[in-house]
Amino acid sequence: MDWIRGHTIGHGSSAAVSVAMSCCSGEIFAIKSTEVSRAEFLQKEQKILSTLNSPYVVGYKGYDVTTENNKVTINLMMEYMPHGTLTDEIRKQGGRLNEQLIRYYTKQIVQGLDYLHSKGIVHCDIKGHNILLCKTGAKIGDFGCARLVDQAKWNGGTPMYMAPEVARGEEQGFPADIWALGCMIIEMATGGSPWTSVNNPDSLLYHIVFSGQTPEIPKFLSSQARDFLSKCLRRDPKQRCSTKQLLNHPFLEESNLYSKENQESIRSSPTCILDQGIWNSETIDDSTQEISPMNMPVQRVRKLYMQSGKPDWMLDECWITVRHCSDDGIIVCGTKGFSSSHGMEMESCSNSEMLTDSHGCLNLFATGRNVDLLNTQKSSSC
């Protein structure tokens, strides 16, 4: 599949994630890339992700090898999740989520874990950064640490979410994902570490192994939420609930009403490509947009720009209209840095009406009509 690479939206320890676009269909997807010399974890992730198909797991799109900047690169293509990570959502909500939203996301994450465990897969790194959001809710992503349960004697993970048996270097099975889930719920509720008294990673692992303690469950949560957490955060892995048991817990059974209301508020599709959030370096959607979407294009553009951290922007002073400047085929007007799947940098323009700001940033907006980014012929259909 031929595709063009957009901006980088995330970094891992050995790979970077970018937005990409299919040259044939115009489909937007995410692409995780690394040099072939560092591709061991990415290749393992591809093998696992390619076997999965669940509405609660980030979708697999394909896999290829390209040469970019004279380097052989491995590329894993995945579903694009425009609303960012769960950690991003916590930040946008002021540092913590309300219990109704915690319940909503938790149920979807448990459904995703239930699917993985039924396939014999241990994720091994459940945390806010690895839960991705879209208009339908939460999906589990980043399978770089994932293993089949019969191979996952010990694989590690992120210390803050690490179960006691994992910190001791023992077996890392399904219960380790349940412990990490409990830690992540505390992260959603408080915006911080489940181990509030320990910050140093080495001290944290020592504390998890030898203290005999469990993370403190926030007292302001409801009794149902506290009971749910207590069943996740038991030091003995044999005493932790399974995903199927958790799905039958009263805390999650009450999430159905909120789920329907939330889906109603975000059901409508974007009215222009700007709404997809693919041309900004950070996720642009937040809860206020989902509940009360901005109908006027100018308001949408203004809000997007304000979220980029430049509050001195003035619409009338900084924006100009750009029209046709070449009869050649178009990719993006006035924007450099997009590379094709063959490693070529592209820069060209179209006669489509677009807006660019004084900083050289492209914003596909104009009159709100559709813009064909991949039409290689001169077009005035916009």
Side-chain angles (χ1 to χ4, degrees), residues 12-15 30 32 39-63 74 76-79 81 85-86 105-132 136-185 208 228-229 231-249 252:
S13 58
S14 61
K32 190 173 185 178
E40 178 183 358
F41 287 101
L42 190 61
Q43 290 172 322
K44 290 179 180 179
E45 181 174 6
Q46 184 270 336
K47 289 180 180 179
I48 290 179
L49 195 59
S50 63
T51 67
L52 304 178
N53 183 16
S54 167
Y56 307 108
V57 174
V58 172
Y60 174 75
K61 297 289 185 180
Y63 177 76
I74 305 295
L76 173 59
M77 305 169 194
M78 303 170 291
E79 178 183 7
M81 302 292 285
T85 69
L86 183 58
Y105 288 139
T106 298
K107 183 169 185 178
Q108 294 178 321
I109 295 164
V110 176
Q111 287 172 315
L113 284 175
D114 184 62
Y115 171 77
L116 294 178
H117 293 179
S118 72
K119 302 277 285 184
I121 296 172
V122 187
H123 187 276
C124 299
D125 199 20
I126 291 294
K127 59 183 179 180
H129 283 290
N130 290 339
I131 304 300
L132 304 176
T136 59
K139 298 189 181 188
I140 299 174
D142 199 335
F143 288 80
C145 292
R147 294 292 187 276
L148 293 174
V149 67
D150 57 359
Q151 299 174 347
K153 297 303 180 183
W154 191 86
N155 192 46
T158 304
M160 191 171 79
Y161 307 85
M162 197 172 286
E165 69 273 16
V166 181
R168 289 193 296 266
E170 299 172 355
E171 182 176 358
Q172 188 171 13
F174 299 143
D177 283 346
I178 302 301
W179 175 280
L181 171 70
C183 292
M184 190 174 60
I185 293 173
I208 293 172
F228 183 92
L229 275 169
K231 289 175 167 55
C232 297
L233 297 172
R234 293 175 176 171
R235 290 188 64 87
D236 184 349
K238 296 179 181 180
Q239 294 183 6
R240 290 175 212 148
C241 283
S242 68
T243 53
K244 294 192 183 300
Q245 291 171 320
L246 292 176
L247 286 172
N248 291 323
H249 192 280
L252 297 188

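Note that the numbering runs from 1 along the sequence shown for the chain.
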Separation of L148 CG from L116 CG (nearest 0.5 Å): 11.0 Å

Among residues at least two apart in sequence or on other chains, which ones pass side-chain hydrogen bond (donor to acceptor under 3.5 Å, both in side chains) with H117? D177

According to ring-ring contact (aromatic ring centres under 6.0 Å, His included), who are the partners of Y161, at least two apart in sequence or on a separate chain? none

Inter-residue atom distance L181.CG - T106.OG1, 0.5 Å rounding: 6.0 Å

Look up atom CD1 in I48 and atom SG in C145, then write down how far apart they are to the nearest 0.5 Å. 10.0 Å

Separation of C241 SG from N248 CG (nearest 0.5 Å): 10.0 Å

Applying salt bridge (Lys or Arg N to Asp or Glu O under 4.0 Å), name anything that partners K44, two or more places apart in sequence or on another chain. E40

Can you list the steps and then say if H249 with K231 is a side chain to side chain contact (heavy atoms under 4.5 Å, CB included)? CA-CA 10 Å; H249 192 280; K231 289 175 167 55; 3.9 Å; yes

Could you check if a side-chain atom of Y115 sits within less than 4.5 angstrom of a side-chain atom of I121, using non-hydrogen atoms only? no

Nearest heavy-atom pair of I140 and G112: which atoms, and what distance? CD1-C, 3.6 Å

Do the side chain of W179 and the main chain of P164 share a donor and acceptor less than 3.5 angstrom apart? no

Residues in side-chain hydrogen bond (donor to acceptor under 3.5 Å, both in side chains) with T243, at least two apart? D114

Which atom pair, heavy atoms only, marks the closest approach of I208 to A167? CG2-CB, 4.0 Å

R240: what forms a side-chain hydrogen bond (donor to acceptor under 3.5 Å, both in side chains) with it, not counting sequence neighbours? E165

Between C232 and L246, is there a side-chain heavy-atom distance shorter than 4.5 Å? yes

A side-chain contact here means heavy atoms from C-beta on lying under 4.5 Å apart; do Y105 and L86 qualify? yes

Using the side chain to side chain contact (heavy atoms under 4.5 Å, CB included) criterion, which residues pair with Y56? Sequence neighbours excluded. S54, Q108, Q111

Are side-chain heavy atoms of K107 and L252 found at a separation under 4.5 Å? yes

Do F41 and E45 have side chains that get closer than 4.5 Å, going by heavy atoms? no

What are the two closest non-hydrogen atoms of A176 and Q172, and how far apart are they? CB-CG, 3.9 Å

Within this structure, what is the CD1-CG distance for the pair I185 and L229, rounded to the nearest 0.5 Å? 4.5 Å

Spell out, as yes or no, whether a donor-acceptor pair under 3.5 Å connects the side chain of D125 to the backbone of N130. no

Is any side-chain heavy atom of V57 less than 4.5 Å from a side-chain heavy atom of L49? yes

Could you tell me whether the side chain of M184 reaches within less than 4.5 Å of the side chain of I109, counting heavy atoms only? yes

So H123 and F143, do their side chains get closer than 4.5 Å, heavy atoms only? yes

Side chain to side chain contact (heavy atoms under 4.5 Å, CB included) with D236: which residues, sequence neighbours excluded? K238, Q239

Between V122 and Q151, is a side chain to side chain contact (heavy atoms under 4.5 Å, CB included) present by the stated rule, with each step listed? CA-CA 9 Å; V122 187; Q151 299 174 347; over 6 Å; no

Could you tell me which non-hydrogen atom of C183 sits nearest to which non-hydrogen atom of L233, and how far apart they are? N-CD2, 4.0 Å

According to side chain to side chain contact (heavy atoms under 4.5 Å, CB included), who are the partners of L132, at least two apart in sequence or on a separate chain? V58, M81, T85

Does E79 have any side-chain hydrogen bond (donor to acceptor under 3.5 Å, both in side chains) partners at least two apart in sequence or in another chain, and if so, which? K139

